[in-house]
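Lettering of chains follows the sequences in order, A, B, ..., and the numbering in each one begins at 1.
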Amino acid sequence: MSIISNYMGVKKLLEEKRVRTRFAPSPTGYMHIGNLRTALYAYLFAKANGGDFILRIEDTDRARYVPDAVDFIKRTLAAANIIPDEGPDIGGDFGPYVQSERKEIYMKYAMELVEKGYAYRCFCDPDAEHKDSGDGKSYAGYDRHCRDLAPEVIKKHLDDGDPFVIRQKMPLTGTTTFNDVVHGAITINNDELEDQVLIKRDGMPTYNFANVIDDHLMGVTHIIRGTEFITSTPKHVLLYESFGWELPAFIHLAPVMGKNEDGSVSKLSKRHGATSFAELTEMGYLPEAITNYVALLGWSPKSNQEVFSMDELMKIFSLDGLSKSPAVFDYAKLDWFNSEYFKAMNDNDFARAALPFAGELTDEVREKWLYLAGILRTRVSRFSEIPEKIAFLRELPDYDVELFKNKRNKVTLDVAKNIIPIAIDMFSYLPGWTPYSIDATMPGVVTRAAAKLGTVMWPLRIALSGQKVTPGGVTEILYLLGQEESIKRLKKGLAKLEEI
RNA sequence: GGCGCCAUCGUCAAGUGGUUAAGACACCGCCCUUUCACGGCGGGUUCGUGGGUUCAAAUCCCGCUGGCGUCACCA
């Protein structure tokens, strides 16, 4: 892609006022939830305005490159249903979309700055770099040793083939102000700006340089990124000005925090639990639920609606709903979103999606999985809760006979001892073992026991499951266990009662 | 430490000078009910702090405190 045609492209986009946003991760092999949110917002904003969303890989740091990371990023975005219009493999008119493949472009622009006097070559040794001692009043970075080298000195270095970096020549006085869409005007004193490196010794650009070049060349109109870039934005602004380029809109997102054990908060990290999109889906959260929740973490719609499909978000997302302050990631709320999505699913879809999380199943339960899944659907908030919830179906837990006692339902050990034989009797020879036939038999048991429904059900549940709380009622458990196993467990419960 | 950003229930948050300060999650209680769940109803000293400005401040201004970020040939 030639610079000229690229320029024409940008000009055309500007004339159209077409919104273009980008997500520009570095390939670290991990999609943090905060990054996912940044990508989401950039995507939603572009789509809400009929614009384009670009994926660009910022791999200018060879040392930190992780081999399959790019692929991982693409898969994660796909899973989250965030679909770039342009990017590596996808193509587009402004590629390449991988920065390491754009090396020459940056060098060319850097040299332009050197010629214009906005940048200079620095031959200093990186290890013995001249640093300001730091008087606490002004910047404490590079001492600008090479800022005004005499032409002859530069020529000598060049002739000797000395390696160099290119640094930005910062204004020494005055201030730089930019307007942030969510924060308003932000001003910083120029004397705090270091003559930052634009092109590294290895010829690669630094982030602070590459992102400016690429955002301009790719026609990015709105830069959406985390607040950690707020302090370096003035440097970017100066670069835009040096080139005479129009400034994009800056939107800095407040960070996603995690809650610590002591109640304090800090930037969401591993110690807060699962923090990557992949980890969350492995825990049994639906991608849609994660996206939905994350969309509302730091942004709020105009209405009180909370459950949104991606399509809805793509219509209503707007920048004015963004909040300035950090948001704490709340797993409990994510649980709620996830269960809302479960409730909205049909049993078939839920059964299929939940099966991989179910763990080892008995043949009986495997056959009745769809039925079980229907019961589980409104009772779990994430798939990973399933194995524990249904463990009793596979194996009757060892339980205390005291469990048979229940005050509310007026069940004593004697009552239980009285009721269980009736159930054994009536269910042992029941032809056909279906939820319907079981249900139809129950009134007879209640009648023969001459007790209330709850009084009958309680001891049966205990004998059948060994626990007070089960997903689903007694009828469902009977069906799921199968006739043989049900009778076996009832007899065992009775034996337990007769022992005392 | 310098600089910058931020500050409404436990959490997400609405709110832009006059409101009973919404709503949601979580929590607690009640109802429904064969347990659980679902569903329904109800509950809670919430505007960090001190000064201003104003008839009137969660909303505007200043200080303080606290949190976060940033000061790389990382992004």
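Among the protein residues, A:S303 comes within range of no part of the nucleic acid, since none of its heavy atoms lies under 4.0 Å from any strand. Counting any heavy atom pair closer than 4.0 Å across all strands shown, A:M257 reaches sugar-phosphate atoms only and no base atom. At a threshold of 4.0 angstrom between heavy atoms, the contacts of A:G298 are confined to the sugar-phosphate backbone, with no base atom among them. Among the heavy atoms of the strands, none lies under 4.0 Å from A:V380. Using a 4.0 Å heavy-atom distance criterion, A:F337 is classed as making no nucleic acid contact. Within the nucleic acid shown, A:V328 comes within 4.0 Å of sugar-phosphate atoms alone, with no base atom in reach, counting heavy atoms only. Contacts of A:K452 with the nucleic acid, taken as non-hydrogen atoms under 4.0 Å apart, are absent. Here A:T60 lies in heavy-atom contact (under 4.0 Å) with sugar-phosphate atoms only. Nucleic acid contact class of A:R377 (heavy atoms, under 4.0 Å, all strands): none. Heavy atoms of A:T378 sit under 4.0 angstrom from primed sugar atoms or phosphate atoms, though from no base atom.
Residues A:D215 and A:R22 are paired through a salt bridge, judged by an N-O separation under 4.0 Å between the basic side chain and the carboxylate.
Between the P atoms of B:U16 and B:G63, the separation comes to 26 Å (whole Å). Comparing the P positions of B:U46 and B:G50 gives an interatomic distance of 15 Å, to the nearest angstrom. B:U53 and B:U59: their P atoms are spaced 15 Å apart (whole Å). Taking atom P in both B:C71 and B:A37, the straight-line distance is 49 Å, to the nearest Å. Rounded to whole Å, the P atom of B:C73 lies 39 Å from the corresponding atom of B:A14. Taking atom C1' on both B:A13 and B:U8, the two are 9 Å apart, rounded to the nearest angstrom. Spacing of C1' atoms, B:G44 relative to B:U11, comes out at 15 Å, to the nearest Å. For the C1' atom pair drawn from B:C47 and B:C6, the interatomic distance equals 15 Å after rounding to whole Å.
Side-chain nitrogen and oxygen atoms of A:K333 include none within less than 4.0 Å of the OP1 or OP2 phosphate oxygen of B:C12. Between A:R461 and B:C36 there is no side-chain N or O to OP1 or OP2 distance below 4.0 Å. OP1 and OP2 of B:U35 both lie 4.0 Å or more from every side-chain N or O belonging to A:T470. At B:A13, one or more side-chain N or O atoms of A:S323 fall inside 4.0 Å of OP1 or OP2 (strictly under the cut-off).
A distance of 6.0 Å or more separates the ring centres of A:F342 and A:Y285.
The local environment of CG in A:D68 is sparse, with at most 12 non-hydrogen atoms from other residues, nucleotides or ligands closer than 6.0 Å.
Here the C1' atom of nucleotide B:A75 and the CG atom of A:N35 are 10 Å apart, to the nearest Å. Rounded to an integer number of Å, the gap from A:R102 CZ to B:A75 C1' is 17 Å. Atom CG in A:N409 sits about 13 Å away from atom C1' in B:C36, given to the nearest Å. Taking atom CG of residue A:N189 and atom P of nucleotide B:U70, one finds them 20 Å apart after rounding to whole Å. Atom C1' of nucleotide B:C12 and atom CD1 of A:I290 are separated by 17 Å, given to the nearest angstrom. For A:K343 and B:C25, the NZ to C1' distance is 12 Å, given to the nearest whole Å. When rounded to the nearest whole Å, the span between NZ of A:K302 and P of B:G15 equals 8 Å. Look at CD on A:E476: it is 9 Å from C1' on B:U34, rounded to the nearest Å.
Distances were taken from every side-chain heavy atom of A:W336 (C-beta onward) to each of B:U70, B:A75, B:C25; the shortest belongs to B:C25. Checking B:G4, B:C73, B:U35 against every side-chain atom of A:R379, the shortest atom distance belongs to B:U35.
Side-chain contact check for A:L217 versus A:I105: some heavy-atom pair is nearer than 4.5 Å.
The minimum heavy-atom distance between A:I419 and A:L460, with the atom names listed, is CG2-CD2, 4.5 Å. The nearest pair of heavy atoms linking A:G466 to A:L403 is O-CD1, 3.4 Å.
When each of A:W299, A:F329, A:Y331, A:W336 is tested with A:Y293 by the rule ring-ring contact (aromatic ring centres under 6.0 Å, His included), just one qualifies, namely A:F329.
Checking A:S300 against A:H183, the closest nucleotide of RNA chain B that is more toward the 5' end is the one next to A:H183.
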